[in-house]
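Reviewing the structure listed below.
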Amino acid sequence: MLFSSHSSLPAPFSTVVTAKPFQRQDRKRPALKLSDGNWLLLASLGPYVISETDAQFVGHWHEIQRAKWDGETQTLSIHWVDPARQAAVFEAEAEDPQSLMMSFEEYVEYAVVTTGQRQTHSGTIITASIRRRPDGELFSALVVDGSLDEEGEQLAHDLESKLRESVGLDY
């Protein structure tokens, strides 16, 4: 089995996950075998690419907007809250990543405390969210899928303010 919420990394890879910043349970977290022979590990802080000798951090859970599996190309794409950040794409050996994707969604959802959306008169979607950093600190994130005029900017500000107020965050 290539991944499961109960599987662990193969021995040569799991030895890399024994030092900081990894937590003890990270060796048992879901992982996906990549086409280059490395593994994508869903660690406590966020996904890591694990080789037999190294661990490369991909990003924190609170930085991730969503992940998407493409069955035709066998790729997992990680899309970021920051729209300027290019998606991270991983080619996998797996055919059915259902368990991994459920865990991935769970970890991202844990980082999202609350979210709200509004649409401007021009059709631009505004998404505001309150997210949790690994240390538990809350912060707000605002993402728009187009341009905003003055009215749209005010709508975005009001949405973000309302969410921040709902969890006790000051500006």
Side-chain angles (χ1 to χ4, degrees), residues 1-117 127-143 163-164 166-169:
M1 177 180 271
L2 293 176
F3 56 80
S4 163
S5 58
H6 304 290
S7 71
S8 57
L9 292 169
F13 295 89
S14 64
T15 57
V16 173
V17 186
T18 56
K20 285 190 176 191
F22 295 103
Q23 296 180 10
R24 189 174 178 189
Q25 70 269 21
D26 283 338
R27 286 181 283 159
K28 305 260 185 222
R29 287 193 178 244
L32 177 69
K33 188 170 185 184
L34 302 176
S35 62
D36 63 4
N38 293 328
W39 288 75
L40 182 68
L41 174 68
L42 305 187
S44 298
L45 288 176
Y48 278 83
V49 174
I50 308 293
S51 72
E52 290 187 28
T53 60
D54 193 26
Q56 197 171 43
F57 187 58
V58 177
H60 288 283
W61 292 117
H62 68 268
E63 298 174 309
I64 299 172
Q65 185 72 20
R66 68 182 176 355
K68 181 181 176 188
W69 174 257
D70 184 330
E72 281 187 34
T73 61
Q74 302 272 57
T75 55
L76 174 68
S77 301
I78 299 174
H79 300 269
W80 308 100
V81 172
D82 179 356
R85 191 171 174 184
Q86 189 173 16
V89 180
F90 302 94
E91 189 176 325
E93 287 189 3
E95 292 180 22
D96 182 14
Q98 185 175 354
S99 176
L100 180 95
M101 292 305 291
M102 286 181 1
S103 294
F104 203 105
E105 182 178 344
E106 194 176 297
Y107 299 146
V108 171
E109 288 299 318
Y110 176 76
V112 178
V113 175
T114 188
T115 188
Q117 260 188 353
T127 304
S129 60
I130 303 298
R131 293 176 172 261
R132 180 183 297 110
R133 289 188 172 94
D135 64 4
E137 183 181 347
L138 300 180
F139 69 98
S140 62
L142 191 62
V143 177
L163 283 180
R164 290 180 67 85
S166 75
V167 297
L169 282 176

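Along the sequence shown, the residues carry numbers beginning at 1. What you see is a predicted model; the values in this text were computed from it and never measured.
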Query raised in the report: Sub-3.5 Å donor-acceptor pair from the side chain of Ser103 to the main-chain atoms of Ser99, do we have one?
Result: yes
Query raised in the report: From Arg164 CZ over to Leu138 CG, what is the distance, rounded to the nearest 0.5 angstrom?
Result: 9.5 Å
Query raised in the report: What is the minimum heavy-atom distance between Phe13 and Gly37, and which atoms define it?
Result: CZ-O, 3.3 Å
Query raised in the report: Roughly how far, to the nearest 0.5 Å, is the OG atom of Ser140 from the CG atom of Leu163?
Result: 8.5 Å
**Report entry** Cationic N near anionic O, under 4.0 Å, Arg85 to Glu63
**Finding:** yes
Report task. List the steps, then state whether side-chain contact (heavy atoms from CB on, under 4.5 Å) holds for Val16 with Asp54. Result -> CA-CA 6 Å; Val16 173; Asp54 193 26; 5.5 Å; no
**Report entry** Nearest-0.5 Å distance that lies between atom OG in Ser35 and atom CZ in Phe90
**Finding:** 11.0 Å
Requested in this report: Using the ring of Phe22 (Phe, Tyr or Trp, six-membered ring only), decide whether Arg27 places NZ or CZ under 6.0 Å from its centre and within 45 degrees of its axis.
Outcome: no
Report task. Check the surroundings of atom CD in Glu105: do more than 12 heavy atoms from other residues, nucleotides or ligands lie under 6.0 Å from it? Result -> no
Query raised in the report: Which heavy atom in Arg29 sits nearest to a heavy atom in Leu41, and how many Å separate them?
Result: O-CD1, 3.7 Å
Query - Nearest heavy-atom neighbours spanning Pro30 and Tyr107 - result: CD-OH, 3.5 Å
Query raised in the report: Any side-chain donor paired with an acceptor under 3.5 Å for Asp70 and Thr75?
Result: no
**Report entry** Point-to-point distance, once rounded to the nearest 0.5 Å, from CD1 of Ile130 to NE2 of His62
**Finding:** 13.0 Å
Query - Pair Tyr48-Gln56, side-chain contact (heavy atoms from CB on, under 4.5 Å): steps then yes or no - result: CA-CA 5 Å; Tyr48 278 83; Gln56 197 171 43; 5.9 Å; no
Query raised in the report: Around Gln25, counting heavy atoms of other residues, nucleotides and ligands shown, do more than 12 lie under 6.0 Å from its CD?
Result: yes
Report summary line: dist Glu106:CD -> Leu42:CG (nearest 0.5 Å) comes out at 10.5 Å
Requested in this report: With side-chain contact (heavy atoms from CB on, under 4.5 Å) as the test, would you mind laying out the steps for Ile64 and Val81 before giving the verdict?
Outcome: CA-CA 6 Å; Ile64 299 172; Val81 172; over 6 Å; no
Report task. Examine distances only and state if a side-chain atom of Arg131 and a backbone atom of Ala141 form a donor-acceptor pair shorter than 3.5 Å. Result -> no
Report task. For the pair Trp61 and Phe104, name the ring-plane relationship: parallel under 30°, tilted 30 to 60°, perpendicular over 60°. Result -> perpendicular
Requested in this report: Indicate the atoms forming the closest heavy-atom contact of Trp69 with Gly71, along with that distance.
Outcome: NE1-CA, 3.4 Å
Report task. Could you check whether the rings of His60 and Phe57 sit parallel, tilted or perpendicular, using 30° and 60° as the cut-offs? Result -> perpendicular
Requested in this report: Begin from the C-alpha positions of Leu76 and Met101 and carry the test side-chain contact (heavy atoms from CB on, under 4.5 Å) through to its verdict.
Outcome: CA-CA 9 Å; Leu76 174 68; Met101 292 305 291; 3.4 Å; yes
**Report entry** Euclidean distance, Asp36 CG relative to Glu93 CD, rounded to 0.5 Å
**Finding:** 9.0 Å
Query - Closest approach of His79 to Ser77 (non-hydrogen atoms, all atoms of both residues) - result: NE2-CB, 3.6 Å
Query raised in the report: Within a strict 4.5 Å, meaning less than it, do heavy atoms of the Thr127 and Leu142 side chains meet?
Result: no
Report task. Can you spot which of Thr15, Leu9, Asp26, Leu34 makes a side-chain contact (heavy atoms from CB on, under 4.5 Å) with Ile50? Result -> Leu9
**Report entry** Within-4.5 Å side-chain heavy-atom neighbours: Val89 and Ile78
**Finding:** no
**Report entry** Which atom of Thr115 lies closest to which atom of Ala128, heavy atoms considered
**Finding:** OG1-O, 3.0 Å
